[in-house]
Amino acid sequence: MNMATETQFHVLAVDDSIIDRKLIEKLLKTSSYQVTTVDSGSKALEFLGLQQEVDQRNSNPLSAPSTDHHHQEIQVNLIITDYCMPGMTGYDLLKKIKESSCLKDIPVVIMSSENEPSRINRCLEEGAEEFLIKPVKLLDVKRLQPYLLRGKSREQQQLQPISSKKRKAIEEAISPELLTRPRYTGLTTVV
């Protein structure tokens, strides 16, 4: 795998309109992002590995939610979704993502052709990073980069526990005398 592919950001674009889906895909690819497009909120959940969790809760509401339900192989750095879609709205998708312990840190951007302040505020209060008014332009896509970078840094933070486990193992192998340092108390600072 070459370095360009490893550092490429991956965006999941969700829109029921094929025209809007193709437009957002073209804009994202123009900005060198890897893009996966789906035409519904339920397909987005399926791609993210959340649909199984939702199905399990619906079939057995008394069972505790599983913590090992995130089966996504490709890391998604940002989700951009239309607000108005049949079945599951973009707002419903946002809520499900923010309720997921595995996916809640992925930035979500909502887009809509309707500029309704109450809708915009509700989405932002629920955890959306941005609310874009359609038609989405290249300038809008460029504004998403800080969210992608934040999503990428969270991905790297998730990898850190592996290295901290190694550090702990090394510290346990070192004798306690080498790990303790004398503490200096009662020192005064002269200015």
Side-chain angles (χ1 to χ4, degrees), residues 1-54 70-100 102-156:
M1 183 178 274
N2 70 31
M3 294 265 273
T5 306
E6 288 179 18
T7 58
Q8 193 174 36
F9 296 110
H10 185 211
V11 179
L12 176 61
V14 188
D15 200 316
D16 61 314
S17 163
I18 190 163
I19 295 168
D20 288 335
R21 224 174 27 249
K22 291 292 183 189
L23 173 64
I24 194 73
E25 180 178 20
K26 183 172 177 61
L27 290 172
L28 289 165
K29 284 186 175 180
T30 299
S31 298
S32 300
Y33 299 133
Q34 179 185 353
V35 183
T36 299
T37 60
V38 293
D39 63 2
S40 69
S42 60
K43 286 184 182 173
L45 290 179
E46 187 178 322
F47 179 80
L48 295 167
L50 282 181
Q51 189 61 44
Q52 292 171 308
E53 175 190 359
V54 171
H70 181 56
H71 302 292
Q72 163 198 350
E73 290 182 25
I74 301 170
Q75 181 67 38
V76 173
N77 304 103
L78 181 116
I79 299 165
I80 184 165
T81 180
D82 184 25
Y83 182 89
C84 283
M85 295 184 291
M88 179 184 297
T89 67
Y91 178 74
D92 295 333
L93 177 60
L94 169 69
K95 283 176 40 175
K96 293 201 181 301
I97 289 166
K98 295 303 176 182
E99 290 169 358
S100 166
C102 296
L103 302 174
K104 67 181 178 189
D105 291 332
I106 297 176
V108 179
V109 174
I110 307 283
M111 54 186 175
S112 178
S113 56
E114 299 170 11
N115 188 358
E116 292 185 30
S118 61
R119 177 183 291 177
I120 294 169
N121 289 335
R122 188 169 70 167
C123 290
L124 295 175
E125 286 170 4
E126 190 65 41
E129 305 295 333
E130 257 324 308
F131 195 104
L132 304 177
I133 304 300
K134 290 181 180 180
V136 176
K137 299 171 184 66
L138 188 57
L139 186 60
D140 295 322
V141 170
K142 295 201 181 293
R143 284 188 4 219
L144 301 179
Q145 190 160 11
Y147 306 118
L148 286 160
L149 292 172
R150 198 170 70 213
K152 193 73 163 174
S153 70
R154 285 187 181 127
E155 176 186 327
Q156 290 168 346

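What you are looking at is a predicted structure, and each value in this text was computed from that prediction instead of being measured.
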Angle between ring planes, F9 versus Y33, binned at 30° and 60°: parallel, tilted or perpendicular?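 Rings of F9 and Y33: perpendicular, over 60°.
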Intermediate values then yes/no, side chain to side chain contact (heavy atoms under 4.5 Å, CB included), K26 and L23: CA-CA 5 Å; K26 183 172 177 61; L23 173 64; 5.6 Å; no
When you look at E130 and R143, which way does the salt bridge (charged side-chain N to carboxylate O under 4.0 Å, His left out) test go after all the steps? CA-CA 9 Å; E130 257 324 308; R143 284 188 4 219; 2.8 Å; yes
[X] side chain near [Y] side chain, heavy-atom distance below 4.5 Å:
X    : Y    : answer
M111 : T81  : no
N115 : I120 : yes
I97  : I79  : yes

K29 and E25: CA distance, side-chain angles, deciding distance, salt bridge (charged side-chain N to carboxylate O under 4.0 Å, His left out) verdict: CA-CA 6 Å; K29 284 186 175 180; E25 180 178 20; 3.2 Å; yes
Rounded distance [0.5 Å steps], [atom1] in [X] versus [atom2] in [Y]:
X    : Y    : atom1 : atom2 : answer
I18  : D39  : CD1   : CG    : 8.5 Å
L27  : I80  : CG    : CD1   : 9.0 Å
L48  : C102 : CG    : SG    : 10.5 Å
E129 : L148 : CD    : CG    : 10.5 Å
K22  : S17  : NZ    : OG    : 11.5 Å
I110 : F131 : CD1   : CZ    : 7.0 Å

Begin with the C-alpha distance, continue with both residues' side-chain angles, and end with the deciding distance and a verdict on salt bridge (charged side-chain N to carboxylate O under 4.0 Å, His left out) for E114 and R119. CA-CA 9 Å; E114 299 170 11; R119 177 183 291 177; 3.0 Å; yes
Show your reasoning for whether side-chain hydrogen bond (donor to acceptor under 3.5 Å, both in side chains) applies to T89 and D92. CA-CA 5 Å; T89 67; D92 295 333; 3.2 Å; yes
I would like to know whether D15 and K134 meet salt bridge (charged side-chain N to carboxylate O under 4.0 Å, His left out); could you show each step before the answer? CA-CA 12 Å; D15 200 316; K134 290 181 180 180; 2.8 Å; yes
Take M85 and V14, measure what side chain to side chain contact (heavy atoms under 4.5 Å, CB included) needs, and give me the verdict at the end. CA-CA 9 Å; M85 295 184 291; V14 188; 3.8 Å; yes
Within 45 degrees of the ring normal and closer than 6.0 Å to the centroid, is that where the cationic atom of R122 sits relative to Y91? yes
